[in-house]
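Worksheet: one structure, shown below.
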Amino acid sequence: MNTPTISRIELYKINLDFITPFKIALGEARRGEGIAVRIFTDTGLVGVGEGSPYWFITGETQAISFEASKAIAKLLLGKNPLAVEPRLNEIDSFLVHNSTSKSAFDMALYDILAKQAGLPLYALLGGEKREIVTDFTIGISDPQTMAQKALDYIDEGACSLKVKLGTNRADDVRRIQTIREAIGMDLPIQLDANQGWDVVTAIATLQDLAQYNITFCEEPVAHWNNKGLKRVHDLSPIPIMADESIFDHHDAARLAEMGACDYFNIKLAKSGGIHVGLKINAVGEAAGIACMVGGMFETRVGISAGAHLIAARSNIKFADLDTVHHYAEDPVLGGAVFHGCKVSLPDTPGHGADFDPAFLNKMEKVVIE
Ligand code: MG
């Protein structure tokens, strides 16, 4: 085998405007500010990765992520990109946390590995192409605006809705009540409180909401409050999914052992990419905990990688991949394609997605070589 060597890495700041601001219990975002990584090898293979830093979840802004990525890129030059685990171990030994920056490199390394093998990423990971159905997410607003958004999303082909809550019990119950009055009881709704409730409020609110056909609720209480999460889980009639409280497989093992939740939400921006995402899923599978793969504000590059991970593991039963709908512009060529709530993967080697060169040319860039 002609082993490739990493010869050059391009880093970009990816700036994209939202169609409308998006509000959750933790704060409001108005535009996508991510990073892109393109890893070049001396054999002509190119791996593409994206990191979507969500500052109030991972502690990374675009500026932090860009600087961290420059340092990570210098570590990788001259090394073999196919040895994904040693490369990621080197990055982890060099820099703790910074999961979103790491995820961009993890994604690009797996892209190269799959391209070298001549396989789509899901096939490289031992999976099979299957139908992926994503939810459509409604940000926090007044109940009438949220109900209208639900109707709009149903017109666009939504098969399930994810509703952001986490302000207070009365307003949150009114939001779901108003949405249900508008759309009826049949379409599945899942909730995400993004840590907005205390334990008592979470239990009371979830008991109030149990009558509205709710699939599960993500992250009801503060991310550090594992014991509180377990108390909510034990008393909630609605299943509980851990999100911000689980970054890696160590968090997953702790929550599983505590019996603190029913589901895990894997996000590449939290796990540092696919490699640890697979480990979180394995912990979940061993504990009888099904997983979802979700996103921050990724374009179709990051979302394509997430969709490949879903196709690769049957224990990943839920998809929250609709972040691409925030953007008026789609700067990505190839990759996963959306038809309403259905997401289909390409058969091209790797994850199949890359940024449009015309788009990248407009972005701030740094080359490490
Ligand atoms: Mg969430």
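Both ligands and their constituent atoms are indexed starting at 1 by order of listing.
If you look at D243 and ask which of its N, O or S atoms sits nearest the Mg ion (ligand 1), the answer is OD2. Looking only at its N/O/S atoms, D192 has OD2 as the one nearest to the Mg ion (ligand 1). Closest to the Mg ion (ligand 1) among the N, O or S atoms of E218 is OE1.
Aromatic ring centres of Y153 and H325: separated by at least 6.0 Å.
No side-chain donor from either of N98 and S65 sits under 3.5 Å from a side-chain acceptor of the other.
In this structure, F297 and Y54 have tilted ring planes: the angle between them lies in the 30° to 60° band.
Contact record, D347 with P120: O-CG, 3.7 Å, taken as the closest heavy-atom pair.
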